[in-house]
Amino acid sequence: MTAETSSGTDADLRAGVIAVQGNVSEHAAAIKRAAFENGFSVIVEQIRQAGVVPNCDLLLLPGGESTTISRLLKREGIDAEIKQHVAAGKPILATCAGLIVSSSDAKDDRVTTLDILDVTVDRNAFGRQKDSFEAPLSIDGIDDPETPFPAVFIRAPLIDAIGDDVSVLAWWDENPVAVRQGPVLATSFHPELTPDDRLHRLAFFAEEIITDSPVHPETDV
Amino acid sequence: MATETDLSELKRGTELIKRGFAKMQKGGVIMDVVTKEQARVAEDTGAVAVMALEAVPADIRKRGGVARMPDPTNVVEIIDEVSIPVMGKARIGHHTEAQILESLGVDMIDESEVLTPADDEYHIEKTSFTSPFVCGARNLPEALRRINEGAAMIRTKGEAGTGDVNQAVYHQRTMMNQIRTIEGLNYQEREKWAREHGAPRDLVHEAAEMGRLPVVNFAAGGIATPADAALMMHHGCDGIFVGSGIFGAEDPEKMGSAIVEAVNNWDDPDALAEIATGVGKGMKGQSNDSIPEEERLQGRGV
């Protein structure tokens, strides 16, 4: 892939941050940095209504409250668009509440999940806010793997079962906390809260993502 | 296979975690609740969190007397009832009420002017807590003083329990205006501004460089309708607290859902028209200018 587009003036990539509720601006800043470091220019859309997702090459589903996010995704009709995005093989990074919303089952009828990631989760299983923590994490596939990733867990969900097609990229206390299934990368922690954007780069710019699912088909020729 | 990480390096209650929690509330509506039944309604209508208190501000105004932290029995019932975060109100300067709320498992503590202040001179030293705090403010120096004491989130004070959005608008406009002012000042001028306004100088520089408050900033105090909530988003708030406006409304469920949806669609008048249709009457309320100065809550704890 090159950083040039056929039109020359447009950005190489259009990134969509699902913005119905949650930690949106930090993800928007992180994807801009990650794209820049990988030689891409990017336009970032904050998505609160239907009709924008289909134009996006990649998506970010931030943390927030999974009950609120799932309710608004459904009301606005964004839920079906995200499923189509993933079915087309286009990448998405889902964090914390985003992981819950992406899962096949959150074991809670207050949350309607998108079922784009074959895991079941326990919401807030790491405890209440006073149990929230930060810790250095080792993550498979990130750049400079010897340097631990500063992971921030806030009322984090626990992944308690994973499907055969899901690979685990990071563990915490014998629990999977970063997983990948095809174009979907999901974490129970918040990679957007620190300036370290290695996880955003892994989600969208790792070699196999670009070759397996071209994010920008017209530049691939 | 990813390697195991060293569990001994875990940290809790850091500034990053406290402010991070507040950031997860962005774009959301936090609703005042008195009982677990109200908490259930709030969660079902799409609230990002509930605020537990012993009576909603409009009722505190009516009944008078001393307003204190909520009964721990109620707090525990509310925590058990809902899966969303539960916040609780403590009196200004009441270190011990805050400690009790933290011990009960409350996710964020609101050191609130709506309750009767326990200390006329000092706020709680919030940096010593593991739990994050939210505090009210009417302007930028007040907000920065609270952040300096450890607040991880700021909300406008507005004039609670009135159903009149007038003061929330005034406080938010003041905050934005002052941020624009310090953005335009050079280093020396910002130092002088900080001295003259009794604002912590490091935070004045930080806010000026960021062009916003260094923590999440919500609107609160008098928001009673979907249009009020959308107006506060229009004025640049990160999210909304609704106090008496939900359970003082004719139909709390409809009002709750409509306010949640209005915050997401704050810049789309057609969507707002649809959302605001058929929600029933809002709380009756009391206009801000009919309240004598000594009965206003916003002057507490500056």
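Keep in mind the model is a prediction, meaning the values are calculated, not measured. Below, read A as the first sequence line, B as the second, and so on, with proteins coming before strands; counting in each chain starts at 1.
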Of the listed residues (B:G27, B:S83, B:A49, B:A47), which shares the most heavy-atom pairs with chain A below a 4.5 Å separation?
-> B:S83
Has A:K83 got more than 12 heavy atoms of other residues, nucleotides or ligands less than 6.0 Å from its NZ?
-> yes
Salt bridge between B:D267 and A:R48, side-chain N to carboxylate O under 4.0 Å?
-> yes
Who wins among A:T67, A:V152, A:D131, A:D108 for the most heavy-atom pairs under 4.5 Å with chain B?
-> A:D131
Go through the atoms of B:T130 and report whether side chain, backbone, both or neither lie under 4.5 Å from a heavy atom of chain A.
-> side chain
Against chain A, label B:A271 side chain, backbone, both or neither, depending on which of its atoms sit under 4.5 Å from a heavy atom there.
-> neither
Spatial distance of atom CG (A:N23) from atom CD (B:Q25) [nearest 0.5 Å] | 10.5 Å
Checking A:L193 against chain B: side chain, backbone, both or neither under 4.5 Å from a heavy atom?
-> both
Counting only heavy atoms not in A:K107, do more than 12 fall under 6.0 Å of its NZ?
-> yes
Short side-chain donor-acceptor distance under 3.5 Å, B:S131 and A:Q129 = no
Ionic contact status for A:R128 with B:E102, cut-off 4.0 Å | no
Can you tell which of B:V29, B:I79, B:D268 has the highest number of heavy-atom pairs within less than 4.5 Å of chain A?
-> B:I79
B:N264 vs A:Q21, side chain to side chain contact (heavy atoms under 4.5 Å, CB included): CA-CA, chis, key distance, verdict | CA-CA 7 Å; B:N264 185 51; A:Q21 192 273 316; over 6 Å; no
CD/A:E65 to CD/B:E43 distance, rounded to the nearest 0.5 angstrom?
-> 8.0 Å
Give a yes or no answer on whether the side chain of A:E26 reaches the backbone of B:K23 with a donor-acceptor pair at less than 3.5 Å.
-> no
Around A:Q46, counting heavy atoms of other residues, nucleotides and ligands shown, do more than 12 lie under 6.0 Å from its CD?
-> yes
Which answer fits A:A19, side chain, backbone, both or neither, if we ask what part of it has an atom under 4.5 Å from a heavy atom of chain B?
-> backbone
Nearest 0.5 Å please: distance from the CE atom of B:M24 over to the CZ atom of A:R155.
-> 12.0 Å
Check: B:R12 main-chain N/O paired with A:K130 side-chain donor or acceptor under 3.5 Å | no
With distance as the sole test, does A:E134 use its side chain to make a donor-acceptor pair with the main-chain N or O of B:L10 at under 3.5 Å?
-> no
Go through the side-chain N and O atoms of B:T45 and A:R71 and say whether any donor and acceptor fall under 3.5 Å apart.
-> no
Should we say atom CG of A:D164 is surrounded by more than 12 heavy atoms from elsewhere, each under 6.0 Å from it?
-> no
Is it the side chain or the backbone of A:S25 that comes within 4.5 Å of chain B heavy atoms, both, or neither?
-> both
Going by distance alone, is a donor N or O of one side chain under 3.5 Å from an acceptor N or O of the other, for A:Q49 and B:N265?
-> yes
Can you tell me how far OG of A:S66 sits from CD1 of B:I84, rounded to the nearest 0.5 angstrom?
-> 10.0 Å
Nearest 0.5 Å, what's the CZ-CD1 distance between A:F153 and B:I17?
-> 10.5 Å
State whether A:R75 and B:E274 are salt-bridged, where the test is any N-O pair (Lys NZ or Arg NE/NH1/NH2 against Asp/Glu carboxylate O) under 4.0 Å.
-> yes
Top residue by heavy-atom pair count (under 4.5 Å) with chain A, among B:G20, B:P85, B:S257?
-> B:P85
Of the backbone (N, CA, C, O) and the side chain (C-beta and beyond), which part of B:V216 lies under 4.5 Å from a heavy atom of chain A, both, or neither?
-> neither
Distance-only, no hydrogens or angles: does the A:T68 side chain make a donor-acceptor pair with backbone N or O of B:G46 under 3.5 Å?
-> yes
